[in-house]
Amino acid sequence: MKNFFSHLECGFCGEIYSKTKIWNLCIKCNKPLLARYDIESARNVFYKDVLKTRDKTLWRYFEMLPIDEQKNVLSLGEGFTPLIKAEKLESELALKNIYIKDESLNPTTSFKARGLCLAISKAKEFGIKEVSIPSAGNAAGAMSAYAALAGMRAFVFMPKDVPEPFIAECKALGAEVTLVDGLITDCGKLAAEGVKKFGRFDVSTLKEPYRIEGKKTMGYEIAEQLCWKLPDVIIYPTGGGTGLVGMWKAFDEMEKLGWIDSKRPRMVSVQSTGCAPMVKAFNEGKNFAQMWNGAKTVADGLRVPAAVGDFLILRAIRESCGTAVAVTDEELIEGSKQIGRTTGIFPAPEGGATLAALIKLKTSGWIKSEETVVLFNTGSGHKYYNLWK
Ligand SMILES: *Cc1c(COP(=O)(O)O)cnc(C)c1O
């Protein structure tokens, strides 16, 4: 198998970078780089039909992923998670077409596995031996898992008030964990020192171009699972926004491949009222988000006060005629419990946030009862055991 990865391009200024070198942010404008593919050539050989014989992991879309040689693929069975029709939930809400994309079934029980699987595979391809991440949750566990598989040293920097299971997971997977008396931004500074001093590869959200390529496969999967007809609405719990931006990119790629038409879902970004920089920027009509002071929410994945890809998130929401919604921590916990008791899925609080947003958007009339809606349950509730007592 051959991929069609051709080069990297700055998502803001359009500067082009060679795919054969290691890059982080754009050296001109400090914005995220995006992987680009030779889709003209791909569309002559990469047909939807070939998927029928492929593994049920995200690697089924190998042609449109940035790993050049198959021997560098690190896999723990990530991706191709179920898209479940939530019938009991539909009847409780008087809605007709509600699906849950259950990402809790990924390795390390969250969709972070998709991104880190790609980033660490690419690090392997570059011959990198040490990887590093500042993280307040699931990303650190996912990085630790793939680094363990690759035989790399993994360095994790976490705020010391992170719920214990997140820390325990990294340690059990062999990572070297530094607990920091401060916020995620302080962890970022410490991690950056090690990156500079020891040449470690920094896999912070959107500071390297490969994690988003793993996350974009959620867009390919939804299309494939709904027989190449995209839903009307996708509700996504947004922190750094890689999944939302990634899916938006995937839809574009699939249209160019000739797999789907130009119809797009309305993309909804949901955040917690305790940390809602995207919602604020969206409502104010801004292209960039301001740093959110005093970020506080039980949904760790949503506690991201400043996202480097803010302009990409806002662009995708607006181009799709979507919207952004903030829900309280009480609402998102209640949302998780309602998903739990109606579907048997044990969701992360971030997943519960998507249901809380759906309820608000249904009440306001923004979502109609017959529309097809996909909720993203981005992780499992297990690591947040304190919330369910
Ligand atoms: C990281 C995370 C999110 C946010 O994902 P982004 O793509 O960074 O916006 C949502 N839910 C969970 C469970 C997470 O771990």
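Indexing begins at 1, ligand by ligand and atom by atom, following the structure's order. Just so it is clear, the model here is predicted, and its values are computed rather than measured.
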Novice: Taking distance alone, with N or O pairs closer than 3.5 Å, would you say T238 contacts ligand 1?
Specialist: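 Looking only at distances, the answer is no, because the N/O contact criterion of under 3.5 Å is not met.
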Novice: Looking only at non-hydrogen atoms, find the nearest pair between M158 and V177 and report the distance.
Specialist: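 Between these two residues, the closest heavy atoms are SD-CG1, 4.5 Å.
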Novice: Looking only at protein heavy atoms, which one is nearest to atom 8 (O) of ligand 1, and what is the separation?
Specialist: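 In this structure, atom 8 (O) of ligand 1 has G240 N, 2.9 Å as its nearest protein heavy atom.
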Novice: Should you measure from each heavy atom of Y384, which atoms of ligand 1 turn up under 4.0 Å away?
Specialist: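 In order of numbering, the contacting atoms are 13 (C).
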Novice: Taking T238 for the side chain and Y236 for the main chain, is one N or O donor matched with an acceptor at less than 3.5 Å?
Specialist: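 Between the backbone of Y236 and the side chain of T238 there is a qualifying donor-acceptor contact (under 3.5 Å).
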Novice: What class does the angle between the rings of Y61 and Y220 fall in, given that below 30° is parallel, 30 to 60° is tilted and above 60° is perpendicular?
Specialist: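 Answer is tilted, since the angle falls between 30° and 60°.
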Novice: Report yes or no: is the cationic atom of K122 (NZ for Lys, CZ for Arg) under 6.0 Å from the centre of the six-membered ring of F126, at an angle within 45° of the ring normal?
Specialist: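 Relative to the ring axis of F126, which defines the angle, K122 lies inside both limits.
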Novice: Which of the atoms of ligand 1 are close to G243, meaning less than 4.0 Å from one of its heavy atoms?
Specialist: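 Result: 7 (O).
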Novice: Determine, using heavy atoms of E103 and all atoms of ligand 1, whether some pair is separated by less than 4.0 Å.
Specialist: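 Flag not set, E103 not near ligand 1.
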Novice: Hey, does F166 sit under 4.0 Å from ligand 1 if you only count heavy atoms?
Specialist: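 Checking ligand 1 against F166, which is what was asked, there is no heavy-atom contact under 4.0 Å.
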Novice: Do ligand 1 and Y236 have nitrogen or oxygen atoms that lie under 3.5 Å from each other?
Specialist: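 By distance alone, the answer is yes.
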Novice: Check whether the side chains of T81 and D102 place a donor and an acceptor atom closer than 3.5 Å, and report yes or no.
Specialist: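 The answer is no; no qualifying pair exists.
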Novice: Are any of the N or O atoms of L302 closer than 3.5 Å to those of ligand 1?
Specialist: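 By distance alone, the answer is no.
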Novice: Given that the side chain starts at C-beta and the backbone is N, CA, C, O, which of these parts of T242 lies under 4.0 Å from ligand 1, counting heavy atoms, or is it both or neither?
Specialist: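 Looking at T242 and ligand 1, atoms from backbone and side chain both fall under 4.0 Å.
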Novice: If the plane angle is over 60° it's perpendicular, under 30° parallel, otherwise tilted; pick one for F311 and F12.
Specialist: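 If you compare the ring of F311 with that of F12, the planes turn out perpendicular.
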Novice: Under 4.0 Å from any heavy atom of P237, which atoms of ligand 1 are there?
Specialist: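 Answer for ligand 1: 4 (C), 9 (O), 10 (C).
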Novice: If the plane angle is over 60° it's perpendicular, under 30° parallel, otherwise tilted; pick one for F5 and Y210.
Specialist: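 Correct class here is perpendicular.
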Novice: Among G241, G141, A299, G301, which one has a heavy atom closest to atom 9 (O) of ligand 1?
Specialist: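 Comparing heavy atoms across G241, G141, A299, G301, the nearest one to atom 9 (O) of ligand 1 lies in G241.
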Novice: Over 60° means perpendicular and under 30° means parallel, so tell me whether F251 and W248 are parallel, tilted or perpendicular.
Specialist: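 F251 and W248: perpendicular rings.
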Novice: Measure the distances from the heavy atoms of F376 to every atom of ligand 1 and state whether one is below 4.0 angstrom.
Specialist: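 The answer is no: ligand 1 sits nowhere under 4.0 Å from a heavy atom of F376.
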Novice: Are any of the N or O atoms of K215 closer than 3.5 Å to those of ligand 1?
Specialist: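 Right, the criterion is met.
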Novice: To check your reading of the model: name the closest protein heavy atom to atom 5 (O) of ligand 1, its residue, and the distance in Å.
Specialist: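 The closest one turns out to be F111 CZ, 3.3 Å.
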Novice: To check your reading of the model: name the closest protein heavy atom to atom 11 (N) of ligand 1, its residue, and the distance in Å.
Specialist: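 Scanning the protein heavy atoms, the shortest distance from atom 11 (N) of ligand 1 goes to T378 OG1, 2.7 Å.
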Novice: When you measure from atom 14 (C) of ligand 1 to every protein heavy atom, which one gives the shortest distance, and what is it?
Specialist: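 Ranking protein heavy atoms by distance from atom 14 (C) of ligand 1, first comes K112 NZ, 2.9 Å.
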Novice: Quick check: closest heavy atoms across Y17 and C26, and the distance to 0.1 Å?
Specialist: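 Y17 and C26 have their closest heavy atoms at OH-SG, 3.2 Å.
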Novice: Which heavy atom of V156 sits nearest a heavy atom of S144, and at what distance?
Specialist: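 The answer is CG2-OG, 3.8 Å.
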